[in-house]
Amino acid sequence: MMTGRLQTRPGRVFGTLVALGTVAFLAACNESGSDQGQSAPPPPPVTVASPLVQRITEWDEFTGRYEATASVEVRARVSGYLQSINFADGATVKQGDVLFVIDPRPYQATVDSAKADLSSAEARLDLAKVQLDRAQSLVAQSNVSRSSYDQAVQERRAAEAAVAQTTAALQSAQLNLDFTQVKAPMAGRVSNRRVDIGNLVTGDPSSTLLTTIVALDPIYFEFDMSESDYLAYQRAVVAGKLPSTRDNATIIQTRLPDEQDWPHAGTMNFVDNQLDPGSGTIRARALLDNKDLFITPGQFGRLRLPGSNEYDAILIPDSAILTDQSNRIVMTVKDDGTVEPKIIRPGPTQPGGLRIVREGLSAQDKVIINGLVRARPGGKVTAQPGKIEPAPEYEAN
């Protein structure tokens with residue numbers, strides 16, 4: 001029996017070793033497969049899209065102020081007591097409207113006196129004409145001396161001069177009477193009254209300011225352009241790329257501070273003849289319609305001026321551009337999924353959060369627009385198709 005037990009133990013040990021080896025082999029296989037799966041993960045996903053190609057016009061923006069095309073100080077031209085005021089403060093008036101009335105009675109009396117003087121002078125002229133005609137006929141018959149005839153000629157000339165003098169005096173008196181009605185010299189919006197009824201106002205030379213009027217339609221927009229911008233426009237005009245800003249053909253658009261769009265259109269109508277050496281800027285001006293009188297002179301606003309003719313521009317989201325020291329970089333994906341950085345030369349921003357790319361990209365490139373943190377130059381990614389579109393709620397700078 002001992003012999004049988006010694007013979008069966010080696011078989012049991014061998015079977016146990018085989019079982020343990022099988023388990024170890026299977027465990028090693030599982031560990032190897034797990035290591036291989038962890039060492040080769042799939043490339044990270046990113047969203048790519050081709051640049052948006054759109055026909056646009058580049059605009060340069062400036063800050064300025066709306067100004068009236070004309071502004072007038074309404075002053076008294078004759079002295080007297082203010083009798084009436086015929087407008088409401090801040091109202092719009094037409095050219096020729098009577099705004100103020102100065103007591104006309106003293107000036108009416110002067111006019112009446114001048115008319116009487118004129119009638120007297122005309123009567124003396126009529127008498128001088130009759131006497132001259134009589135003297136002329138008598139001197140021909142030698143019944144009157146030559147000196148008497150000459151005296152009649154001089155009396156007629158003096159009478160004619162007196163008529164001219166009294167006529168001028170009457171015209172002057174009539175002008176002063178007319179000036180008692182202070183009329184609006186132009187159409188526009190009147191300011192408040194500076195003098196109340198019953199006050200004594202004085203005429204020239206120390207005339208009393210009664211109110212002011214500003215023209216509202218059309219209206220100016222004045223702004224300052226930097227020397228570099230002005231030089232760039234001059235170069236473009238010489239090259240034939242842009243119309244001259246001095247020939248009233250350059251189209252402009254403006255907006256008020258609370259407006260998102262550019263609802264007010266006009267044209268450039270003035271560029272100054274020299275730059276200000278202190279500020280390095282040149283004064284420019286545009287002319288706009290203001291038919292609804294909504295814009296008030298003195299308001300601030302923004303103006304945009306075309307910086308190029310229409311052309312097909314390459315646009316990408318501003319968020320897709322990275323900065324590497326002095327370079328601007330865009331991450332693109334090749335057909336094999338490799339990330340390739342490209343240095344670009346960006347242009348100005350456009351409405352919708354997009355930016356113009358002047359150099360470095362083509363319309364066929366696949367630009368990473370989402371998932372930039374997972375992209376490494378030369379690495380692999382899984383490209384998922386996307387689309388570049390302007391964001392309607394985004395406001396361009």
Side-chain angles (χ1 to χ4, degrees), residues 66-129 155-220 287 289-293 295-298:
Y66 295 95
E67 299 290 349
T69 53
S71 178
V72 176
E73 291 184 343
V74 180
R75 294 181 177 271
R77 301 186 67 175
V78 293
S79 300
Y81 287 95
L82 194 62
Q83 191 176 72
S84 66
I85 300 174
N86 301 330
F87 69 93
D89 292 348
T92 56
V93 296
K94 299 178 181 178
Q95 184 177 4
D97 287 351
V98 178
L99 305 180
F100 300 89
V101 176
I102 299 171
D103 186 4
R105 291 174 296 177
Y107 300 98
Q108 183 64 56
T110 304
V111 169
D112 294 340
S113 176
K115 287 181 178 179
D117 292 342
L118 178 59
S119 297
S120 177
E122 289 175 343
R124 288 194 298 270
L125 177 60
D126 292 339
L127 178 60
K129 287 181 179 179
E155 288 178 353
R156 176 178 175 176
R157 290 179 179 174
E160 289 176 343
V163 169
Q165 184 178 10
T166 53
T167 300
L170 175 59
Q171 291 175 348
S172 177
Q174 186 63 52
L175 279 176
N176 288 334
L177 178 60
D178 294 341
F179 290 154
T180 60
Q181 292 188 345
V182 182
K183 299 180 179 180
M186 66 178 187
R189 190 178 300 280
V190 67
S191 181
N192 65 313
R193 67 193 72 183
R194 307 297 169 83
V195 180
D196 292 324
I197 295 175
N199 283 280
L200 177 65
V201 299
T202 58
D204 296 332
S206 300
S207 58
T208 302
L209 176 63
L210 302 177
T211 188
T212 60
I213 300 176
V214 292
L216 298 178
D217 182 33
I219 195 168
Y220 287 142
L287 184 67
D289 288 333
N290 188 29
K291 297 187 182 302
D292 57 357
L293 308 184
I295 302 174
T296 301

Just so I know, are the side chains of [X] and [Y] near enough to count as touching, which here means a heavy-atom distance under 4.5 Å?
{"X": "D97", "Y": "N86", "value": "no"}
{"X": "Y220", "Y": "L287", "value": "yes"}
{"X": "L127", "Y": "R124", "value": "no"}
{"X": "T166", "Y": "L170", "value": "no"}

Please check: side-chain N/O of [X] versus main-chain N/O of [Y], any donor-acceptor pairing under 3.5 Å?
{"X": "S79", "Y": "G203", "value": "yes"}
{"X": "D217", "Y": "L293", "value": "no"}
{"X": "S172", "Y": "A168", "value": "no"}
{"X": "T110", "Y": "P106", "value": "yes"}
{"X": "R75", "Y": "S207", "value": "yes"}
{"X": "R194", "Y": "T211", "value": "no"}
{"X": "N290", "Y": "L216", "value": "yes"}

If you measure from [atom1] on [X] to [atom2] on [Y], what distance do you get to the nearest 0.5 Å?
{"X": "Q181", "Y": "Q83", "atom1": "CD", "atom2": "CD", "value": "10.0 Å"}
{"X": "L210", "Y": "R193", "atom1": "CG", "atom2": "CZ", "value": "11.5 Å"}
{"X": "Q171", "Y": "L118", "atom1": "CD", "atom2": "CG", "value": "9.5 Å"}
{"X": "F87", "Y": "N192", "atom1": "CZ", "atom2": "CG", "value": "7.5 Å"}
{"X": "N199", "Y": "L82", "atom1": "CG", "atom2": "CG", "value": "7.0 Å"}
{"X": "Y107", "Y": "N176", "atom1": "OH", "atom2": "CG", "value": "6.5 Å"}

Compare every heavy atom of [Y] with every heavy atom of [X], then report the nearest pair and how far apart it is.
{"X": "P297", "Y": "A68", "value": "CB-N, 3.7 Å"}
{"X": "V72", "Y": "P185", "value": "CG1-CG, 3.6 Å"}
{"X": "T296", "Y": "Y66", "value": "O-CB, 4.2 Å"}
{"X": "G90", "Y": "R189", "value": "O-NH1, 3.1 Å"}
{"X": "V93", "Y": "A184", "value": "CG2-CB, 4.1 Å"}
{"X": "M186", "Y": "A70", "value": "CE-O, 3.5 Å"}

Any side-chain donor near an acceptor of the partner, T208 and T202, under 3.5 Å: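 A donor-acceptor contact under 3.5 Å links the two side chains.
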Please evaluate residues I213 and L99 with respect to the criterion side chain to side chain contact (heavy atoms under 4.5 Å, CB included), reporting the C-alpha separation (whole Å), side-chain torsions for both, the decisive distance (0.1 Å), and the verdict. CA-CA 11 Å; I213 300 176; L99 305 180; 3.9 Å; yes
